[in-house]
Amino acid sequence: MEIIYWNCIIAHGITAFSYFGIPIVIAVLFNKTKTTIPEKFWLAFFLSGGFILSCGFHHFLAIFEPHSAVSLLHLGVLDIMAFISLSALLCLITTADQILEALTKSQENIGELQFSQQMQRLFLDQGPFGAYIKDEQSRMLYYNQELQCRFLVDSQEWLGKTDSEFLPDPEEGQRVMENDQVVFKTQRPLKLIEEIKIAGNEQPCYWLSFKFPFNDYATGAHRIGGISIDVTESIEAQRSLTDLNRQLEEKTLKLEAKKRELIYLSDMAYMLYSCESEDQVYQVIAFTCSKLFPNMTGCICIIANSKNYVQINSIWGDEKTSKEIFSQSECWALGRGKANLLSPRHSGLMCSHLIQPVSGTHLCLPLFGQGEIVGILHIHALEEISQEDQQITEIIARTLGFGLNNLSIKQRLTHENLRDRMTQLFNRSYMETVTDQRLAEAERLVQSLGIVFFDIDDFKSYNLRYGHLTANIVLMEVAKLLLNSIRSFDIPCRWGGDEFVIVMPNIALSTLLERVEQLRDALSQMELKDGDQILESITASFGIAISEPGIKLHDLLNQANQAMLEAKQTGKNQVVLHRRTHN
């Protein structure tokens, strides 16, 4: 029985020691970890501690109670309880450091997590960008202070609402929600620029938005997060830069157009200086207008020499808007002597020479040449003709007048300097100048140049018989026959009186003899009339010389003249070739 008694005493003592030791170890752990118990757990904590201590006092008092018989089962339970409680105490003591370390690490992790969450919260709330979280229906779950300040709302006003409900423009809100749905459907991030209007601000704001999907691990729901940066200034700066670039391009195009206009006008002036006839002048003007006004049509109308009508001379473009022939009274520009403009914005006078129905813009400019109106420049455009284009047409009209004047002077000077006034053949001075050049070319190209010198037989007696006027008619008929009998590049010349010279470049001697013989025969068979009076036929004596290397023009002309004198002396009305003599 003594063994059983002491067994009970030891079991109660070990159990009481363990019950008192466990709270002490836990208290030491709490003290070292500086852990505090939340208020809502205080009751459960104190009740649990009171229970453990009560159990410890119960077993401690059982040591001093009088001995009473216990069953083996009761004794076994006491032993097991003592073993278990002591093992728990020893295990708690041995693992106290590990528990302490685990608690410390847990507290550090909790602190880091709280710090990280705090930093994230500060980052999202105080960052210079809009941040938000939405659910699958695009309802707002969170938005930061930047959005609150921008849209002047508090932290709860937008919660649970969609963009179409709280944005000033519901259509803009609908577009934002459509972008959200794209992110949900594709489960991929989306970067775009969204145009948003803010209440009280007429100008829209532009946000560079980054939207991305994620899962809420606490609830398992799908969410969409977004960060939006205000890029309005950048967009406006980009637009300003684009506008500046566009303006620069427009100015560059205008400068290029002005450059092309100057080039066309310069080329026109150069070509007008080279023109040999009025038709060429008008063609140059029409060509220049087609280049300067590619989207317009027009024509140049010239007054006939009889002054009875006006006729189109040159035309450009696909559409003809003027009659081909009309009277001067049908054009107001001809009648008034100044430009006449008819357009939807300028209700001018309508010219009668315009083809009906009249549409678009019509501009008629009078053309002046040699101090009088010679015609009009007519331009038609589907739209308004700009002031600059009108100024260009006026420049063209004035330049045309200068061109016609220069052409008239040029033709008069050329005719007087180069042609014989009566026969219209080249004069002696021009023939000698050109023949000298042709002789040099013939020597360089190893070719022959022929000179034909002929004189009308007994022309003095012919002159005495019919008179000077009739004799002049004969000379003019001889000139006409001469022009029709030679090649286009041969040079016919009236040497003086009834003497003529023909320069025939690049010709063989046999061909030269044949052609001169044909001319002599045609001259002798020519019918001459002075009105109804039939004149006596004429003949001529011909002398021929052909060039050789190194010969001078003066010597070649002398050779042909000597051959002609020989033909005169040996019977007239014949062709004589100059025969060279060699020492």
Side-chain angles (χ1 to χ4, degrees), residues 109 112-250:
N109 291 338
E112 291 178 358
L113 179 60
Q114 291 176 345
F115 179 77
S116 177
Q117 291 176 345
Q118 183 180 7
M119 292 296 102
Q120 291 177 5
R121 191 78 178 188
L122 290 173
F123 175 77
L124 292 176
D125 280 342
Q126 300 184 12
F129 50 81
Y132 51 86
I133 297 175
K134 301 178 184 178
D135 62 11
E136 293 182 271
Q137 285 74 39
S138 293
R139 291 176 299 199
M140 193 70 72
L141 301 178
Y142 162 78
Y143 52 96
N144 67 347
Q145 293 181 6
E146 177 70 13
L147 292 178
Q148 297 172 26
C149 294
R150 284 298 183 97
F151 291 89
L152 302 177
V153 295
D154 57 36
S155 59
Q156 303 295 321
E157 186 173 341
W158 283 2
L159 295 181
K161 296 181 180 180
T162 62
D163 295 86
S164 60
E165 294 175 337
F166 57 73
L167 287 179
D169 189 347
E171 294 184 359
E172 290 181 357
Q174 189 63 34
R175 288 196 295 268
V176 174
M177 294 170 62
E178 291 174 357
N179 296 331
D180 296 343
Q181 294 305 312
V182 171
V183 176
F184 276 122
K185 290 178 181 179
T186 60
Q187 288 296 301
R188 297 181 63 180
L190 179 65
K191 180 176 72 173
L192 73 162
I193 293 179
E194 294 178 317
E195 180 179 342
I196 304 297
K197 289 184 179 179
I198 298 177
N201 190 356
E202 295 182 357
Q203 298 297 328
C205 295
Y206 296 91
W207 297 78
L208 177 59
S209 297
F210 298 88
K211 301 186 178 187
F212 51 90
F214 67 94
N215 292 327
D216 187 351
Y217 294 107
T219 62
H222 295 289
R223 300 285 186 255
I224 180 173
I227 294 178
S228 297
I229 302 174
D230 188 356
V231 293
T232 304
E233 293 184 358
S234 299
I235 294 295
E236 291 178 350
Q238 184 177 2
R239 286 182 175 177
S240 299
L241 182 60
T242 302
D243 291 340
L244 289 175
N245 289 333
R246 179 180 53 78
Q247 294 175 6
L248 181 60
E249 290 177 357
E250 291 177 354

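We use all heavy atoms of the structure for the numbers below, so side chains are in, but hydrogens, waters and symmetry mates are not. Just so it is clear, the structure is predicted and the values come from calculations on it, not from any experiment.
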Report task. Would you confirm whether the ring centroid of Y132 sits within less than 6.0 angstrom of the ring centroid of W158? Result -> no
Give, for atom [atom1] of [X] and atom [atom2] of [Y], the distance between the pair rounded to the nearest 0.5 Å.
| X | Y | atom1 | atom2 | result |
| --- | --- | --- | --- | --- |
| C149 | N144 | SG | CG | 8.5 Å |
| I193 | I235 | CD1 | CD1 | 4.0 Å |
| M177 | T162 | CE | OG1 | 4.5 Å |
| N245 | L248 | CG | CG | 6.5 Å |

Query raised in the report: Under the salt bridge (charged side-chain N to carboxylate O under 4.0 Å, His left out) rule, what pairs show up with a residue in residues 155-176, not counting sequence neighbours?
Result: K134-D163
Requested in this report: Quick one: which residue pairs count as a salt bridge (charged side-chain N to carboxylate O under 4.0 Å, His left out) with a foot in residues 224-237, not counting sequence neighbours?
Outcome: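 Found R150-D230.
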Report task. Please examine the side chains of V153 and Y143, heavy atoms only from C-beta on, and report whether any two atoms are closer than 4.5 Å. Result ->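 Result yes, sub-4.5 Å side-chain heavy-atom pair found.
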Query raised in the report: What pair of heavy atoms forms the shortest contact from I224 to D135, and how long is it?
Result: CG2-O, 4.2 Å
Requested in this report: Name all residues meeting the side-chain contact (heavy atoms from CB on, under 4.5 Å) criterion together with Q156; count only those two or more places apart in sequence or in a different chain, and write none if there are none.
Outcome: D154, L159
Query - Check: Q181 side chain, Q137 main-chain N or O, donor-acceptor pair, under 3.5 Å - result: no
Query - Partner set under side chain to side chain donor-acceptor pair (under 3.5 Å) for S234, not counting sequence neighbours - result: none
Report task. Go through the structure and list residues passing side chain to side chain donor-acceptor pair (under 3.5 Å) with R246, not counting sequence neighbours. Result -> E250
Let me have the donor-acceptor pairs involving side chains of residues 204-215, under 3.5 Å, with sequence neighbours excluded, atom names and distances please.
| from | atom 1 | to | atom 2 | distance (Å) |
| --- | --- | --- | --- | --- |
| Y206 | OH | R239 | NH1 | 3.1 |
| Y206 | OH | R239 | NH2 | 2.8 |
| S209 | OG | E194 | OE1 | 2.9 |
| S209 | OG | S228 | OG | 2.9 |
| K211 | NZ | V176 | O | 3.4 |
| K211 | NZ | D180 | OD1 | 2.7 |
| K211 | NZ | E194 | OE2 | 2.9 |
| N215 | OD1 | H222 | ND1 | 2.7 |

